[in-house]
Amino acid sequence: MIVVAGEALIDLVPRPAADPAGAPGGGAGGPLPPLLPRLGGGPYNTAVALGRLGTPTAFCSRVSTDGFGTALLDGLRSARVDTSLVQRGPEPTTLAVASVGSDGSAGYGFYAQGTADRLFELPARLPPSARALALGTCSLVLEPGASAYEALLRREADRGVFTLLDPNIRPPVIPDADAYRARFARWLPYVSLLKLSEEDARWLGGVPRGPAAVVLTRGGEGLTVRTRAGAEFAVPAAPADVVDTIGAGDTVNAALLHRLAALGALSERALEALDEERWRDILGFAARAAAVTCSRTGAEPPYEDELP
């Protein structure tokens, strides 16, 4: 089983201009397009994507008991994701308002004050079948939950669980950039596989060293991996009619873990032993999966039978 830990929230996504239910140039009331609620959150999307790909997956978070929270849990269950590690609370669900550029790139504004996922508490244990743990995004920023997620990362890494970290930097929710960068550096010894976008790497001051491998997503230019031994391999992006990029990086996380699990490579030793052919296979699969997500509105990762 792969455990994904972090926030679940609702993305409010602009209706595509080509949507016949919308009005050209925005809603009938003015220049702003209608906003459509979509299930989201980086870790949530990763868990759903893993479930859709057929990998045994559990989600570890705190989710509201409100209507949005119920919908989020239903989304996990429909993707066959185990929800036994999900904590519940009466606090509201976090909202993320997305803005989509002409190239499909997405920016976000967050409404997270006093929301349920911020009150996550460290679980006593993960299931004995857990072989990997994935974390990232806002859950590692917003306290007090961030400290609990950090403790989970350190504890599970110390007991030999394979770890993937996707910081998925959201500057608007980081109150002290220098403090976050210092904290991020302290996480690296506990990370097996680090996934960064080019934007993340620039914000952090470069691609760090430490993990057994670092996968860098480069938008339309594809994906690159840099290994601890100094090797570097790249694949081009898969063709896609891009609607938006929401959830694309989360889909990459899931595809990487899914393919590594299939290859029996969910350990740092196995990761370091992968050759160029294997890495190109893994990165190519992730690129194809992300292309499917980019072709749809919001975070809608592919099912296994949608991938060649």
I want to check something: taking the side chain as every heavy atom from C-beta on, are Thr251 and Asn45 in contact at a cut-off of under 4.5 Å?
no
Between the CG atom in Leu257 and the OG1 atom in Thr55, the distance rounded to the nearest 0.5 Å is 8.0 Å
With a 4.5 Å heavy-atom cut-off, do Pro167 and Leu140 have their side chains touching?
no
Under a 4.5 Å cut-off applied to non-hydrogen side-chain atoms, are Thr217 and Lys195 in contact?
yes
Quick one: do Val243 and Leu307 end up in the same hydrophobic cluster if we chain Ile, Leu, Val, Met, Phe, Trp and Tyr together by side-chain heavy atoms under 4.5 Å apart?
no
Does the distance from a Lys or Arg side-chain N to an Asp or Glu carboxylate O, for Glu150 and Arg186, drop under 4.0 Å?
no
With a 4.0 Å cut-off on N to O distance, would you call Glu91 and Arg118 a salt bridge?
no
Using 0.5 Å steps for rounding, measure from the OG atom of Ser197 to the CG atom of Asp166.
7.5 Å
Is Asp178 paired with Arg181 through a side-chain N to carboxylate O contact shorter than 4.0 Å?
yes
Can you get from Leu9 to Leu85 by hopping between Ile, Leu, Val, Met, Phe, Trp and Tyr side chains that sit under 4.5 Å apart?
yes
Of Glu232, Arg218, Glu198, the one forming a side chain to side chain donor-acceptor pair (under 3.5 Å) with Thr224 is Arg218
Taking the inter-plane angle between the rings of Phe120 and Tyr149 on a 0 to 90° scale, is it parallel (under 30°), tilted (30 to 60°) or perpendicular (over 60°)?
parallel
Assign the ring pair Phe184 / Trp187 to parallel, tilted or perpendicular, where the plane angle (0 to 90°) is split at 30° and 60°.
perpendicular
Can you find a pair of side-chain heavy atoms, one from Leu72 and one from Leu76, that are under 4.5 Å apart?
no
State plainly whether the residues Glu306 and Arg288 are in salt-bridge range, i.e. N to O under 4.0 Å.
no
Arg183 and Glu143 ion-paired at < 4.0 Å:
yes
Check each of Leu35, Ile10, Val13 against Val97 using the side chain to side chain contact (heavy atoms under 4.5 Å, CB included) test, and report the only one that passes.
Leu35
How close do Gly114 and Pro92 get, counting heavy atoms only, and between which atoms?
O-CD, 3.6 Å
Would you check if Asp11 and Pro37 make a side-chain contact, meaning some heavy-atom pair closer than 4.5 Å?
no
Heavy atoms only: give me the nearest Leu152-Cys60 pair and the separation to one decimal.
CD2-SG, 4.4 Å
Once you measure the plane-to-plane angle for His258 and Phe285, does it fall in the parallel (<30°), tilted (30-60°) or perpendicular (>60°) bin?
parallel
